[in-house]
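Read the structure below first, then the notes.
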Amino acid sequence: MAIELNQIWDFPIKDFHPFPNGKLGVGAHDMLGVEAKNLGMTRVLLMTTGLRGSGIIEELVGKIEYQGVDVVLYDKVESNPKDYNCMDAAALYQSEKCDGIISVGGGSSHDAAKGARMVIAHDGRNINEFEGFSKATNKENPKHIAVSTTAGTGSETSWAYVITDTSDMNKPHKWVAFDDSCLVDLAMDDPLLYYSCPEHFTAFCGFDVLAHASEPYVSRLDFAPSLGNAKYSIELIRDHLRTAVYEPRNLEARTGMMHAQYIAAQAFNSGGLGLIHSLSHAVSAFYDSHHGLNNAIALPRVWEYNLPSRYERYADIAALLGVDTSKMTTVQAADAAVEEAIRLSKDLGIPDNFGQISVDSYEKNRMNTGKYEGRGETMDTSDKQVRAIAEHMMDDWCTPANPRECSVDSLIPMVTHAMTGSY
């Protein structure tokens, strides 16, 4: 008997997805040229958001070219990578006769590269055709090395990538694809490359890590192989995120967050995500705001929404975050997890709600630019927009793993609070 998609989340057999080879630690990026050569690359497409002024791209190009590997640069990847980023990069790869891809940056660069590889492997098919689970028919993608310059996404070690469909800007859609064939061939994480990551982006990315760790821990998949990584990642966040934000050249803190983001991604790789990501995807679909910032605003609201379905797990999270729960009931401890998330948010300067975000809230903010020009310098917090966000969430591929059942109407109070409420 065939299994319906909506039954998969309750089925007792769960998939454990593979991880790519990874090199983690101080100096790992020095090996980039050697590793590209070892993978047989002779002419690579280097995909990045630009990282202008950091000197990172120039340094890495030099290390690649020193090994006799040619570099073609595509530095137009946007935050919340767009469908046209994937298509344009794939066309450049083919016209320049490249034989490998290196992505440098955060999740945007890595996800756009994964998408471009899918397009290349499928003779130019539109990237938007790959939304959902295992849509690839050709499993032989171009070789890919992912070099991370932020501690957040985990894209370099996961089977997921996220792209924004801009084909209809009256109804933009940010979607998720899961496919084992999109795994990179080598992940490189070097904490030295995080030193130039600005304070606010370090905070945003840190909340992305906390979302990646907490969602599989409470997921309805309840997948045992994911739980240990999720718990240890939360402890690493507790110990290192604040220091990494406010002491950006603290090697111990940067290394701790490097490990936290890496193993959190390995937790969600098979353990699933949930409504934090669904809400974040919806908001950035409409406004192109930073994914990590969206997660930071969404996280306490989603935790609170999910509490009745996972009191014990959220009580565990409170203890992992450093709360003394020894004299609390399970419900009190679960509530304390939400309070601790709010405290972390305030410590790191996260806005109270989406309504407080404007084009001037952080550098490199792409709100109201490009295809999003004309949408306004702040977010629409009307009831109509709230409902549109809730509807987008219900169509998100992260939603089915959320522990609490939901509907558009049940999500609206939470989304409304995320848009205008304060703690």
Is the cationic atom of R313 (NZ for Lys, CZ for Arg) positioned less than 6.0 Å from the six-membered ring centroid of Y217 and within 45 degrees of its normal? yes
Start with the C-alpha gap between T243 and R254, add the side-chain angles, then the distance that decides, and say whether side chain to side chain donor-acceptor pair (under 3.5 Å) holds. CA-CA 8 Å; T243 305; R254 289 295 196 180; over 6 Å; no
Would you check if there is a donor-acceptor pair between the side chains of S278 and T399 at a distance under 3.5 Å? yes
Testing the 3.5 Å rule here: is there a donor-acceptor pair between the side chains of E304 and Y314? no
Counting only N and O atoms by type, is there a donor-acceptor contact under 3.5 Å from the side chain of K76 to the main-chain atoms of N85? no
Under 3.5 Å donor-acceptor, R310 side chain and V218 backbone: yes
Do R301 side-chain atoms and H417 backbone N/O form a donor-acceptor pair below 3.5 Å? yes
F354 and Y287: CA distance, side-chain angles, deciding distance, ring pair (Phe, Tyr, Trp, His ring centres under 6.0 Å) verdict: CA-CA 10 Å; F354 289 113; Y287 296 103; 8.9 Å; no
So, do F133 and F130 have ring centers that fall under 6.0 Å from each other? no
Hey, mind stepping through C406 and L275 against side chain to side chain contact (heavy atoms under 4.5 Å, CB included) and telling me if it holds? CA-CA 9 Å; C406 52; L275 289 179; 4.1 Å; yes
Can you list, pair by pair, the side-chain donor-acceptor contacts under 3.5 Å of residues 259-268, counting residues two or more places apart and other chains?
| from | atom 1 | to | atom 2 | distance (Å) |
| --- | --- | --- | --- | --- |
| H259 | ND1 | T255 | O | 3.3 |
| Q261 | OE1 | G154 | N | 3.0 |
| Q261 | NE2 | E156 | OE2 | 2.7 |
| Q261 | NE2 | D189 | OD1 | 3.1 |

R366 versus S289, side-chain donor and acceptor atoms under 3.5 Å: no
Distance-only polar pair, side chains of W159 and D179, donor-acceptor under 3.5 Å: no
For H110 and T153, which I'm curious about, is there any donor-acceptor pair between the side chains at under 3.5 Å? no
At their closest point, which heavy atom of P351 faces which heavy atom of I297, and how far apart are they? O-CG1, 3.8 Å
Going by atom types only, do H277 and E215 share a side-chain donor-acceptor pair under 3.5 Å? yes
Which residues pass the salt bridge (Lys or Arg N to Asp or Glu O under 4.0 Å) test with R125, sequence neighbours left out? E129
Can any side-chain N or O of R375 pair as donor or acceptor with the backbone N or O of N368 at less than 3.5 Å? no
Do D165 and S167 have side-chain atoms, one donor and one acceptor, less than 3.5 Å apart? yes
Are side-chain N/O atoms of S410 and Y305 paired as donor and acceptor at under 3.5 Å? yes
Can we call the ring centroids of H17 and F178 under 6.0 Å apart? no
Does atom CD (E363) have a neighbourhood of more than 12 heavy atoms from anything else shown, all under 6.0 Å? yes
On a heavy-atom basis, which atom in V77 and which in S108 lie closest, and how many Å separate them? CG1-O, 3.5 Å
Is there a donor in the side chain of N126 and an acceptor in the side chain of D83, or the other way round, less than 3.5 Å apart? no
Search all heavy atoms of L299 against all heavy atoms of A211 and return the closest pair with its distance. CD1-N, 3.8 Å
Give me the atom names and distance for the closest heavy-atom approach of Y246 to L348. OH-CA, 3.5 Å
Between Y195 and P248, the two heavy atoms sitting closest are CD1-O, 3.5 Å
Mind listing the side-chain donor-acceptor pairs of residues 21-33 below 3.5 Å, one per line with the distance, residues two or more places apart or on another chain?
| from | atom 1 | to | atom 2 | distance (Å) |
| --- | --- | --- | --- | --- |
| H29 | ND1 | D190 | OD2 | 2.6 |
| H29 | NE2 | E59 | OE2 | 2.9 |
| D30 | OD1 | K63 | NZ | 2.9 |

Examine the side chains of S407 and D409 and answer whether a donor and an acceptor come within less than 3.5 Å of each other. no
CD of E377: more than 12 outside heavy atoms within 6.0 angstrom? no
Within the supplied structure, the quantity of interest is the number of heavy atoms (other residues, nucleotides, ligands) at a distance under 6.0 Å from K143 NZ; does it exceed 12? no
Take atom OH in Y84; do more than 12 heavy atoms of anything else shown fall under 6.0 Å from it? yes
Aromatic ring proximity Y93/Y74, centre distance under 6.0 Å: no
For the NZ atom on K171, are there more than 12 heavy atoms of other groups (residues, nucleotides or ligands in this structure) within a distance under 6.0 Å? no
Work out which heavy atom in K174 is nearest to a heavy atom in V162; give both atom names and the distance. CE-CG1, 3.4 Å
Using a 6.0 Å cut-off, check whether atom CZ of R249 has over 12 heavy atoms from anything other than its own residue. no
Do the side-chain N and O atoms of D99 and T42 include a donor-acceptor pair separated by under 3.5 angstrom? yes
Under a plain distance cut-off of 3.5 Å, with no hydrogens placed, do S155 and K114 share a side-chain donor-acceptor pair? yes
Tell me whether K82 contacts the main-chain N or O of S79 through its side chain, where contact means a donor paired with an acceptor under 3.5 Å. yes
Does the gap between the ring centers of H290 and H200 come in under 6.0 Å? no
Is it the case that more than 12 heavy atoms not belonging to E65 sit under 6.0 Å from its CD atom? yes
Ring centres under 6.0 angstrom apart (H281, H291): yes
Short side-chain donor-acceptor distance under 3.5 Å, D396 and H392: no
When you measure from the side chain of S284 to the backbone N and O of S280, does any donor-acceptor pair fall under 3.5 Å? yes
Show your working on side chain to side chain contact (heavy atoms under 4.5 Å, CB included) between Y194 and T202 and close with a plain yes or no. CA-CA 9 Å; Y194 305 162; T202 300; over 6 Å; no
